[in-house]
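For reference, the structure discussed in these notes is given below.
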Amino acid sequence: MKQDSTRNTSYTVDCEDYVHVVKFNPFDSGDACSLIAYGGNNYVVVGTCRFQEEDAEVECMQYKTLRTFHHGVRVDAIAWSPETRLDALPPQIRFCTAASDRKLRLFTSDLQDKNEFKTFDGHSDYINDLVFAPKEGQEVASVSDDHTCRVWDLEGNEKAHFVLRSPGMSVCWHPEEAFKLMVAEKNGTIRFYDLITQQAILSLECEQTPLMSADWCLKNTLKIGAVAGSDWLIWDITRSSYPQDKRPVHVDRARLFRWSQVNENLFATTGYPGKTTTQLLVHHLGHPQPILTGTAAVGSGLTWHRTLPLCAVGGDHKIFFWVTEM
């Protein structure tokens, strides 16, 4: 909870284990605090954050753990459900994880006595990403190294199954495009699927590999971003299936791409976890150079706050937070 200028992080939170993945809740949970979940080698921790940038009475930042969920196996990805509410009585926390044993786990808790989880079986290789249906939260989509994208109901039944041509790296479900799914493949292709007809309706091409991560801009549904090789790439889907803009960013290889939740020109990328540090870069499309450079000791994961220009990366027994300009 201290301000840490040495590695130019704005704030850090100490954790009990290595943090593989960290995720702010992208949905409004009815509380002034932001929910954050992070995953380690065998558990998921759910907590709340409040920052001085949003509340003058907070000194630096306040972090509070709400609950630790035993997971039993390494957490590789976390997705929040829009059904999560802190203003309900009792409150409801719902999220889904992807784990190194190739299973999805759906957790539901009232932060008291009710703590349930269901396991979804079906993927035959590592699961790289997952997302809830953003409106009702009654389905989960996941992509895997097994060359599939699958859509599940909350009982773990497979509702749709798309065969890919290479490993699925990212899957996005936009709240304004509830019947479309964006799937990014390692071979450099990004496809949009119509969930009603279960057909591919549009594809974008990187023309370079490996594509490691892609994201659909919350503030502008026509904008798609990705990292492939050592470059970031941006598409305007009305213009062309080829990138409108691209730039080399990470010397070693880029790993993750995430749009800000508050500004359609702001995004962050991370480099591949190296031997010692992971580089975080925050970019603004109006600026030729990154507007913020951060380093995290062996960092992993990347997530933006729902209402602030603030992002977080997990690391060794820590979560690092950076605040940037709009």
Side-chain angles (χ1 to χ4, degrees), residues 21 23 26 76-81 96-98 102-104 120 122-135 137-153 157-218 220-229 232-238 240-243 254-259 267 269 302-303:
V21 57
K23 194 72 185 269
D76 289 335
I78 298 173
W80 281 97
S81 164
C96 193
T97 63
R102 308 165 184 186
K103 293 176 171 53
L104 299 175
F120 300 1
H123 280 298
S124 60
D125 209 335
Y126 287 117
I127 301 161
N128 293 310
D129 196 17
L130 74 166
V131 64
F132 272 87
K135 289 288 188 208
Q138 295 306 298
E139 293 173 310
V140 176
S142 56
V143 288
S144 163
D145 281 354
D146 67 9
H147 295 207
T148 67
C149 170
R150 298 169 197 241
V151 180
W152 317 77
D153 67 15
N157 303 307
E158 208 176 277
K159 305 306 267 183
H161 181 120
F162 301 106
V163 177
L164 312 178
R165 290 168 201 176
S166 69
M169 302 306 289
S170 296
V171 58
C172 299
W173 210 329
H174 200 290
E176 290 165 41
E177 296 276 6
F179 298 106
K180 287 183 195 157
L181 210 52
M182 185 204 94
V183 175
E185 295 189 41
K186 200 169 189 173
N187 67 4
T189 303
I190 299 171
R191 275 194 196 81
F192 292 81
Y193 293 93
D194 181 317
L195 289 168
I196 308 294
T197 63
Q198 299 198 5
Q199 298 294 316
I201 47 176
L202 175 74
S203 70
L204 307 174
E205 294 297 336
C206 281
E207 297 190 290
Q208 60 195 75
T209 58
L211 183 157
M212 296 306 291
S213 171
D215 197 19
W216 195 346
C217 183
L218 178 69
N220 181 345
T221 56
L222 304 177
K223 274 187 177 172
I224 307 297
V227 286
W232 60 253
L233 308 97
I234 309 263
W235 291 260
D236 172 342
I237 59 175
T238 59
S240 166
S241 59
Y242 298 104
R255 177 65 189 92
L256 295 170
F257 182 107
R258 298 278 188 271
W259 289 106
F267 62 95
T269 59
L302 172 62
T303 185

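Keep in mind that this is a model prediction, so the values were computed, not measured.
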Just wondering, do [Y] and [X] contact through their side chains at under 4.5 Å, heavy atoms?
X	Y	result
Arg150	His123	yes
Thr303	Arg258	no
Thr189	Glu205	yes
Thr148	His161	yes

What pair of heavy atoms forms the shortest contact from [X] to [Y], and how long is it?
X	Y	answer
Val143	Gly168	CG2-O, 3.6 Å
Gly188	Thr209	N-CG2, 4.2 Å
Leu218	Pro175	CD1-CG, 3.7 Å
Ser170	Met212	OG-O, 4.5 Å
Ala77	Val21	CA-CG2, 4.0 Å
Leu204	Ile224	CD1-CG1, 3.8 Å

### Query
Partners of Phe120 by ring pair (Phe, Tyr, Trp, His ring centres under 6.0 Å), sequence neighbours excluded?
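Ring pair (Phe, Tyr, Trp, His ring centres under 6.0 Å) list for Phe120, sorted by chain: Trp152.
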Rounded to the nearest 0.5 Å, what separation is found between the [atom1] atom of [X] and the [atom2] atom of [Y]?
X	Y	atom1	atom2	value
Lys23	Leu302	NZ	CG	10.0 Å
Thr269	Leu256	OG1	CG	9.0 Å
Ile190	Ser203	CD1	OG	9.5 Å
Asn128	Asp76	CG	CG	8.0 Å
Lys180	Trp173	NZ	CH2	14.0 Å
Asp194	Leu202	CG	CG	11.5 Å

Could you walk me through whether Gln208 and Leu233 satisfy the side-chain contact (heavy atoms from CB on, under 4.5 Å) test, starting with their C-alpha distance in whole Å, then the side-chain angles of each, then the deciding distance to 0.1 Å, before giving a yes or no? CA-CA 10 Å; Gln208 60 195 75; Leu233 308 97; 4.1 Å; yes
The complete set of ring-ring contact (aromatic ring centres under 6.0 Å, His included) pairs with one or both residues in residues 175-210, sequence neighbours excluded, reads Phe162-Tyr193, Phe192-Trp216
Look only at the side chain of [X] and the backbone of [Y], and say whether a donor-acceptor pair between them is shorter than 3.5 Å.
X	Y	value
Trp235	Ser240	no
Glu139	Val151	no
Trp259	Asp215	yes
His147	Val163	no

task = Step by step, work out the side-chain contact (heavy atoms from CB on, under 4.5 Å) result for Met169 and Asp129.
result = CA-CA 6 Å; Met169 302 306 289; Asp129 196 17; over 6 Å; no
Side chain to side chain contact (heavy atoms under 4.5 Å, CB included) filter on Ala254, not counting sequence neighbours, yields Val227, His250
Q. Could you walk me through whether Phe257 and Ile234 pass the side-chain contact (heavy atoms from CB on, under 4.5 Å) check?
A. CA-CA 10 Å; Phe257 182 107; Ile234 309 263; 3.9 Å; yes
ask   = Using 4.0 Å as the upper bound for N to carboxylate O, is an ion pair formed by Arg191 and Glu185?
value =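 The answer is yes: the pair qualifies as a salt bridge.
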